[in-house]
Amino acid sequence: MVSVVIPVYNSGSLLDKCLNSIVTQTWSDLEIILVNDCSTDACTDTILEKWKSKDKRIQLINKKQNEGIECARFTGMEYVSGEYLMFMDHDDWLTSNDVIETMMDNLMTTGADVVMGRSYEQKFVFKKRMYDLTPQGIIEQPDLMDKYYISFFGVNIIPVLVWAKIYRMDVIRAAELRPRGLRDTDDVNFNMWVFPYVRKFSVIDKYVYVHRWGGFSSKLIDFIPEYKRLYRERMNAIQKFKYEKAIKSINIQMKNLLSFDLSLKIERKGFTKNDIVRFLKEELQDVFWDSVVMQNDESDFTYALRIRDYEKMYQIVREPLCSPKRRIVNVLKKIGRRVLRFIK
């Protein structure tokens, strides 16, 4: 049996497309676990009850308090009775009715612990292929750790997300997972702890999943605190699995994220130079940043970060934002956002 766990929060009618793509699968040995994370709209509650009464394979779990998608997934996993596990987001859908059958046939034929198909990201009416460069076929240990585990530390080789995959439950149990308090990086953290226990990973050349941009995880957030928590999780994994070669990658990613965060504050939130300096003085009091700049990286931004030259950091980030090309792009983006609001 394949258990499909779907966290739900204020999904409205988007859930219909998601569930219809599952209940019509040719692989019928399914249990579908819907975890209602305290939705506040009556529409979602009505749709959940409708589907529960419509298909006996559906279980509805109503949480007593909203805790976010990570905890909702773990709540759903407590009710899993199948040997295999698949995750979906409530506003995504499978590309065809033979997706699960195709993936399960591959898993059983190859003896893989995890099988993954390819996926699209849909933004409004446009679809974009994701991770087209991911190798097709079987990846086994020790190659999975030696060559591909780095993907969970900021180097894009294989997708770090939990969807478009089917897992053997015995591998999930071996990892002894628990919620880590992450809200938007929970996917990478989940797989980071699972993949060292995966003996064989299979990639099929079939587009199986459509991820709707703009859902749970597509919003710009205050991501620095989130990625600092993920950084600490990554360092724990590096220590446990003796994967020190990933330290440089996560340090580079954190410095790039700080630079990106500053650019968003300047460009989208209208932060002034004084605002940025004030923010950096407070943020960089955290000794966390001392470990990030230990690597042998003498870029101007890294050097300014190391010596806490806040004004220089501001200038380095702001300079490309003021180029004529960037200004034209920003104007076009604003026009595009206004057109989309009008269409909606």
In one Ile/Leu/Val/Met/Phe/Trp/Tyr side-chain cluster, 4.5 Å: Met235, Phe241: yes
Distance (rounded to the nearest 0.5 Å) between Leu177 CG and Asn191 CG: 9.5 Å
Lys245, NZ: over 12 other non-hydrogen atoms inside 6.0 angstrom: yes
Worked check of side chain to side chain contact (heavy atoms under 4.5 Å, CB included) between Met116 and Ile204: CA-CA 6 Å; Met116 181 189 75; Ile204 62 173; over 6 Å; no
Closest heavy-atom pair and its distance - Asn189, Glu233: OD1-CB, 3.2 Å
Backbone N/O of Asn36 and side chain of Ser39: donor-acceptor pair under 3.5 Å: no
Straight-line distance of Arg234 CZ to Ile250 CD1, nearest 0.5 Å: 6.5 Å
Donor-acceptor side-chain pairing of Asn10 and Thr40 below 3.5 angstrom: yes
Electrostatic pair Glu83:Arg168 at N-O distance under 4.0 angstrom: no
Polar contact flag, side-chain donor to acceptor under 3.5 angstrom, Trp193-Glu176: no
Step-by-step side chain to side chain contact (heavy atoms under 4.5 Å, CB included) determination, Phe223 to Leu264: CA-CA 11 Å; Phe223 51 80; Leu264 288 179; 3.8 Å; yes
Parallel, tilted or perpendicular, as decided by the 30° and 60° cut-offs, for the rings of Phe195 and Phe201: perpendicular
Sequence-distant partners of Asn66, side-chain contact (heavy atoms from CB on, under 4.5 Å), two or more places apart: Tyr9, Asp37, Cys38, Arg183
Exceeds 12 heavy-atom contacts within 6.0 angstrom, atom CD of Gln239: no
Cationic N near anionic O, under 4.0 Å, Asp16 to Lys50: yes
Arg173/Asp170 under salt bridge (Lys or Arg N to Asp or Glu O under 4.0 Å): CA gap, chis, key distance, verdict: CA-CA 5 Å; Arg173 295 188 185 100; Asp170 56 1; over 6 Å; no
Interatomic distance, Lys52 atom NZ to Leu60 atom CG [nearest 0.5 angstrom]: 5.5 Å
Modelled atom types, side-chain donor and acceptor of Gln25 and Glu101, under 3.5 Å: no
CA sep, side-chain torsions, deciding dist, call: Arg306, Trp289, side chain to side chain contact (heavy atoms under 4.5 Å, CB included): CA-CA 8 Å; Arg306 180 178 291 119; Trp289 293 103; over 6 Å; no
Any residue meeting side-chain hydrogen bond (donor to acceptor under 3.5 Å, both in side chains) with Thr44, in chain and number order, not counting sequence neighbours: Asp41
Thr272/Asp275 under side chain to side chain donor-acceptor pair (under 3.5 Å): CA gap, chis, key distance, verdict: CA-CA 5 Å; Thr272 65; Asp275 294 331; 3.1 Å; yes
Straight-line distance of Gln315 CD to Cys322 SG, nearest 0.5 Å: 11.0 Å
Partners meeting salt bridge (charged side-chain N to carboxylate O under 4.0 Å, His left out) with Arg229 (sequence neighbours left out): Glu226
side-chain hydrogen bond (donor to acceptor under 3.5 Å, both in side chains) contacts in which one or both residues fall within residues 107-116, not counting sequence neighbours: Asp113-Arg199
Main-chain N/O of Ser28 paired to Arg57 side chain as donor or acceptor, under 3.5 Å: yes
Expected output: side-chain Ser202 to main-chain Ala112 donor-acceptor under 3.5 Å: no
CZ on Phe288 to CD1 on Ile224, rounded to 0.5 Å: 8.0 Å
Single-linkage hydrophobic cluster, 4.5 Å side-chain cutoff, Ile61 and Met1 together: no
In residues 68-79, what donor-acceptor pairs under 3.5 Å come from side-chain atoms, sequence neighbours left out?
from  : atom 1 : to     : atom 2 : distance (Å)
Glu70 : OE1    : Arg180 : N      : 3.3
Glu70 : OE1    : Gly181 : N      : 3.0
Glu70 : OE1    : Leu182 : N      : 3.0
Glu70 : OE2    : Arg180 : N      : 2.9
Arg73 : NH1    : Asp186 : OD2    : 2.5
Arg73 : NH1    : Asp187 : OD1    : 3.0
Arg73 : NH2    : Asp89  : OD1    : 3.1
Thr75 : OG1    : Lys63  : NZ     : 3.2
Thr75 : OG1    : Cys71  : O      : 2.9

Side chain to side chain contact (heavy atoms under 4.5 Å, CB included) evaluation trace for Met313 with Leu258: CA-CA 10 Å; Met313 292 173 70; Leu258 178 59; 3.9 Å; yes
Distance in Å, Gln59 CD paired with Ile33 CD1, rounded so as to fall on 0.5 Å steps: 5.0 Å
Check: Ser259 side chain, Asn256 main-chain N or O, donor-acceptor pair, under 3.5 Å: no
Over all atoms of both residues, closest heavy-atom pair of Gln136 and Val203: CG-O, 3.6 Å
Nearest heavy-atom neighbours spanning Ile6 and Cys18: CD1-SG, 4.1 Å
Val8 backbone acceptor or donor facing Ser11 side chain under 3.5 Å: no
Main-chain N/O of Gln122 paired to Arg212 side chain as donor or acceptor, under 3.5 Å: no
Crowding at NZ, Lys312 (>12 non-hydrogen neighbours, <6.0 Å): no
ILVMFWY network linking Leu280 to Phe301, side-chain heavy atoms under 4.5 angstrom: yes
Ile266-Phe260 co-clustered via ILVMFWY side chain contacts under 4.5 Å: yes
Heavy-atom donor-acceptor pair, Ser21 side chain to Leu94 backbone, under 3.5 Å: yes
Ring centres under 6.0 angstrom apart (Phe153, Tyr243): yes
Centroid separation Tyr120 to Tyr207 less than 6.0 Å: yes
Pair up each side-chain donor or acceptor in residues 137-150 with any protein partner under 3.5 Å, not counting sequence neighbours, and list the distances.
from   : atom 1 : to     : atom 2 : distance (Å)
Gln141 : OE1    : Met145 : N      : 3.2
Gln141 : NE2    : Val198 : O      : 2.8
Tyr149 : OH     : Met192 : O      : 2.6

Shortest non-hydrogen contact between Ser3 and Ser81, atoms and distance: OG-N, 3.8 Å
Test item: side-chain donor near acceptor, Gln285 and Arg308, under 3.5 Å: no
Check ion pair Asp286-Lys228 (N to O, under 4.0 angstrom): yes
Parallel, tilted or perpendicular, as decided by the 30° and 60° cut-offs, for the rings of Tyr167 and Phe190: perpendicular
Leu14 with Val23, same ILVMFWY side-chain cluster at under 4.5 Å: no
NZ or CZ of Lys165 within 45° of Phe87 ring axis and under 6.0 Å: no
Trp27 side chain to Asp98 side chain, donor-acceptor N/O pair below 3.5 angstrom: no
